[in-house]
Amino acid sequence: MTNKDNIQKKEGNYKLIRLIPVMLALAFVPLIATVKRYDNGLTGFSWFSNASGSVDIFLYWKGQALILLAFLMMAFLLLSCTEWEWMPQWRAIRKPPVICLLIYFVLATLSALFSEHRNFALTGSYEQWEGLNVILAYVMLFLYISFVLGEEKQVRFLIYALIAGSFIMGLIGTFQYMGMDLFRGDFGQVLMNLMSDTKMKFSFNFADGWVYATLYNPNYVGSYAALVLPVLIAVSLIEWKRIPPVWTLMAMVDSCLMVVTLIGSQSLTGCIGVIAGGLLFLVVRVPVFFRKIGMKKILLVLGVAVVLIAGAAIAFRSQIQYGVNKIFHPTKDTYVTKSLLSTKEGLKVTTVQDESFYVQLTEGDSGTFTVTDENGEALTTVQEEESEGCTIDDSRFSGFVLYPKTVTVSNERAYSGVRIVNPTVSREWTVFLSDGTYKIFNSLGKVDSLREIPAWGFEGAMHFASKRGYLWSRTIPLLKKYLFLGSGPDNFTTIFPNDDYVGKMNMDYDGVTVTKPHNMYFQIWTQTGLLSLIAVLCLVVWYLVKSLRLYWGRTLAGTTEHIGFALMISIFGYMVTGLANDSTVAVAPVFWGLLAVGIAVNEIVEGQKV
């Protein structure tokens with residue numbers, strides 16, 4: 001071997017070594033599941049409990065690992081500053097996505113710096129851990145891939161890593177679906193205690209057979225599956241001569257595992273994302289199918305597909321029915337009380353039919369209250385037998401029972417109060433009068449003001465898509481406030497009306513802290529601003545449009561072309577899941593990594609085309 005050959009071999013090996021941080025980000029980071037105990041910093045809020053200590057298993061250390069890998073990527077780039085010949089040229093085609101990404105990062109940084117809760121914005125917060133430090137890691141991952149990825153061999157090694165990581169994920173999810181949850185066993189408990197000083201015993205709220213893998217939430221399993229399934233299927237279909245058979249076989253098995261994992265997660269959003277990707281595949285490939293294989297073979301393939309889909313529908317009928325009911329037959333809204341509001345006229349109680357009455361309490365007298373209608377006319381109350389409660393002698397308010405109550409705050413002072421009960425739906429609230437203002441004594445044992453909670457849309461459909469109707473109805477009014485800068489990364493918890501005690505009680509969210517809107521676009525808008533959301537959308541739309549132009553009607557001859565086309569399907573499917581799922585450090589590194597890989601692969605394919 002000549003000296004020139006040795007140099008080329010070393011350069012080739014170094015190009016692959018530099019991919020190690022990316023491979024770990026795509027394959028290893030999503031698999032991390034170990035405990036982190038921390039101070040949540042939320043005890044000062046009336047809608048949060050007095051418990052300052054919280055535990056995270058599936059998110060915090062994923063973020064920390066990604067940040068560490070980002071520093072490693074930065075180090076590789078600094079070491080390579082004098083060796084630009086090893087990097088792909090900075091082509092003009094890369095400028096639009098990089099500009100969009102940098103705009104997003106600048107706006108996210110400004111949003112964090114001006115955030116009311118800067119500590120959450122910078123380092124992440126309760127149950128999310130996607131602060132500015134993690135966003136910076138996403139940006140670094142994207143830029144690093146843009147610098148170092150320029151050859152088909154590099155692309156294949158990244159895909160191998162993705163296959164390996166998703167294979168483990170698929171195994172974990174499949175075993176969970178079969179009732180053999182790794183994390184409920186001794187070995188899983190050991191894994192989760194790796195970063196803990198003292199051994200902890202963990203239990204999960206998920207029913208046996210419900211898949212969450214290592215991604216914290218079954219919804220995130222859906223987002224992950226939408227990202228990786230198209231790539232796995234593409235590798236399964238590539239000719240064996242182009243990819244080692246072991247990886248092809250693993251991709252085939254992995255595809256099956258991920259389908260089972262997706263179904264076991266019961267993530268309708270994930271299924272919709274996968275279906276949306278399949279529809280895009282058909283739209284783009286139909287011209288090629290007609291030209292290449294003819295109508296008869298197309299009909300044969302469609303027939304086989306129909307049989308397989310019908311078989312899956314029968315085999316997983318209960319899961320599919322559960323998902324369909326989320327959208328088309330959601331649980332009906334059965335609540336009676338719509339709102340409670342402190343006014344000069346008294347405590348205003350509004351029903352779901354928008355009828356209101358007022359309760360007037362007497363300061364210092366726990367046994368006296370009067371009830372009037374909106375016109376100030378007195379309403380007759382009827383004492384219940386064998387109870388201190390009374391009903392209102394008016395058909396509009398027949399669903400209410402009122403109980404006089406003495407409320408003691410901090411074991412210091414007693415206040416005149418009333419317990420408002422909707423017995424037909426098992427809902428109740430305790431309100432008291434303090435210095436002329438009606439306040440609520442919530443289920444956490446804290447006192448809070450009663451304010452008007454802005455809401456928009458989903459009237460009578462709060463249970464739509466697993467209560468997303470409620471979450472979106474409270475999130476939409478927040479959007480107008482964050483057109484330029486958002487509330488700060490990871491600050492949705494602090495701006496969502498978690499003090500909506502009536503709405504949350506009606507949704508069985510009483511005592512629950514809402515930390516995310518279940519919509520990635522609302523999440524970005526409210527946290528880093530509308531302009532940052534536009535920047536992200538411009539980046540993704542630019543990539544998808546360029547990919548459509550590149551692969552429309554094109555015969556996929558090489559490995560890189562197959563992978564590039566599959567990545568387009570993956571990114572599109574993930575963006576569809578974003579309509580009802582959030583960005584999370586459990587899955588987002590895979591998204592940002594594959595998006596950057598997709599852009600780089602398109603450049604390689606265009607170079608081959610030339």
Side-chain angles (χ1 to χ4, degrees), residues 22-36 38 54-70 123-131 133-138 141 161-162 164-173 176 181-183 188 191-192 194-195 202 204-206 210-229 258 261-262 264-267 269-270 273 489-490 492-493 515-520 523-524 527 570-571 573-575 577-578 580-595:
V22 181
M23 296 166 71
L24 291 174
L26 295 179
F28 173 68
V29 168
L31 296 172
I32 295 174
T34 189
V35 69
K36 167 66 178 179
Y38 63 96
S54 294
V55 173
D56 175 89
I57 300 174
F58 296 108
L59 299 177
Y60 177 82
W61 288 113
K62 284 181 172 69
Q64 298 306 301
L66 186 66
I67 292 169
L68 179 62
L69 291 174
T123 60
S125 66
Y126 180 70
E127 290 193 352
Q128 294 300 112
W129 295 110
E130 198 177 37
N133 54 354
V134 170
I135 291 177
L136 175 59
Y138 296 159
L141 175 64
L162 182 68
S166 61
F167 184 82
I168 298 173
M169 186 77 72
L171 279 176
I172 294 172
Q176 286 176 347
D181 189 350
L182 168 69
F183 299 108
L191 287 177
M192 290 186 290
L194 283 178
M195 302 299 291
F202 303 99
F204 298 91
N205 295 325
F206 300 119
W210 201 352
V211 175
Y212 58 93
T214 61
L215 301 176
Y216 176 62
N217 190 306
N219 290 319
Y220 301 153
V221 175
S223 297
Y224 183 84
L227 270 174
V228 303
L229 256 179
M258 287 310 303
T261 296
L262 174 60
S265 72
Q266 301 182 34
S267 172
T269 305
D490 226 357
F492 184 80
T493 304
T515 61
K516 49 189 176 292
H518 283 289
N519 181 294
M520 182 175 68
Q523 181 188 27
I524 296 173
Q527 294 188 159
S570 294
I571 299 303
Y574 178 83
M575 297 304 288
T577 67
N581 282 352
D582 311 276
S583 171
T584 171
V585 70
V587 183
V590 182
F591 163 70
W592 287 105
L594 292 186
L595 177 59

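Because the structure is a prediction, the values reported are computed rather than measured. Atom set for the values below is all heavy atoms of this structure, side chains included, hydrogens, waters and symmetry mates excluded.
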If you take all heavy atoms of Ala213 and Ile172, which pair is closest and at what distance? CA-CG2, 4.0 Å
Quick check: do Ile524 and Met520 have side-chain heavy atoms less than 4.5 Å from each other? yes
Out of the candidates Leu262, Val587, Thr214, only one should pair with Tyr224 under the side chain to side chain contact (heavy atoms under 4.5 Å, CB included) rule; please name it. Val587
I want to know whether Phe58 and Phe183 have ring centres closer than 6.0 Å. yes
If we ignore angles and hydrogens, is there a donor and acceptor under 3.5 Å between the side chains of Gln128 and Thr493? no
Residues which pass side-chain hydrogen bond (donor to acceptor under 3.5 Å, both in side chains) with Gln176, listed by chain and number, not counting sequence neighbours: Asp181
All heavy atoms of Ser570 vs all of Leu227, minimum pair found to be OG-O, 2.6 Å
Nearest 0.5 angstrom please: Thr515 OG1 to Glu130 CD, how far? 11.5 Å
Any donor-acceptor pair under 3.5 Å linking the side chain of Ser125 with the backbone of Asp490? yes
Take Trp210 and Gln266, measure what side-chain contact (heavy atoms from CB on, under 4.5 Å) needs, and give me the verdict at the end. CA-CA 7 Å; Trp210 201 352; Gln266 301 182 34; 3.9 Å; yes
Could you tell me the separation between the CD1 atom of Ile32 and the CG atom of Leu59, rounded to the nearest 0.5 Å? 11.0 Å
Check whether any side-chain heavy atom of Trp61 lies under 4.5 Å from a side-chain heavy atom of Lys36, and answer yes or no. yes
Is there side-chain contact between Tyr574 and Asn581, with at least one heavy-atom pair below 4.5 Å? no
Minimum heavy-atom separation for Pro30 to Ala586, with atom names? CB-O, 3.8 Å
Using every non-hydrogen atom in the two residues, find where Ala226 and Gly270 come nearest and quote the distance to one decimal. CB-O, 4.5 Å
Value for CG (Asn133) from CD1 (Ile67), rounded to nearest 0.5 Å, stands at 3.5 Å
Would you say Pro589 and Tyr138 make side-chain contact, with heavy atoms under 4.5 Å? yes
Where do Ala161 and Ala27 come nearest, in terms of heavy atoms and distance? O-CB, 3.1 Å
Should Asp56 and Tyr126 be marked as a side-chain contact (heavy atoms from CB on, under 4.5 Å) after you check the CA-CA gap, both sets of side-chain angles, and the distance that decides it? CA-CA 9 Å; Asp56 175 89; Tyr126 180 70; over 6 Å; no
For Tyr38, which residues count as a ring-ring contact (aromatic ring centres under 6.0 Å, His included) partner, sequence neighbours excluded? Trp129
Rounded to the nearest 0.5 Å, what's the gap from OG on Ser54 to OH on Tyr60? Could you check? 13.5 Å
Do Leu182 and Leu191 have side-chain heavy atoms sitting under 4.5 Å apart? yes
Which donor-acceptor pairs under 3.5 Å do the side chains of residues 164-171 make with protein atoms, sequence neighbours left out?
| from | atom 1 | to | atom 2 | distance (Å) |
| --- | --- | --- | --- | --- |
| Ser166 | OG | Leu162 | O | 2.8 |
| Ser166 | OG | Ile163 | O | 3.2 |
| Ser166 | OG | Asp254 | OD2 | 2.5 |

Starting at CZ of Phe492, measure out to CD of Gln527 and round the result to the nearest 0.5 Å. 7.5 Å
Evaluate the side-chain proximity of Thr584 to Tyr216: yes if any heavy-atom separation is below 4.5 Å, no if none is. no
Are Ser223 and Thr577 close enough, and set up right, to give a side-chain contact (heavy atoms from CB on, under 4.5 Å), and what steps lead you there? CA-CA 6 Å; Ser223 297; Thr577 67; 3.5 Å; yes
Do the non-hydrogen side-chain atoms of Tyr220 and Asp582 ever get within less than 4.5 Å of each other? yes
Kindly give the heavy-atom pair with the smallest separation between Ala65 and Val29, and that separation in Å. CB-CG2, 4.3 Å
Hey, does His518 have a side-chain heavy atom less than 4.5 Å from the side chain of Asn219? yes
Any donor and acceptor pair, going by atom type alone, linking the side chain of Thr34 with main-chain N or O of Met195 inside 3.5 Å? yes
Do any N or O atoms from the side chain of Asn519 and from the backbone of Ala580 form a donor-acceptor pair under 3.5 angstrom? no
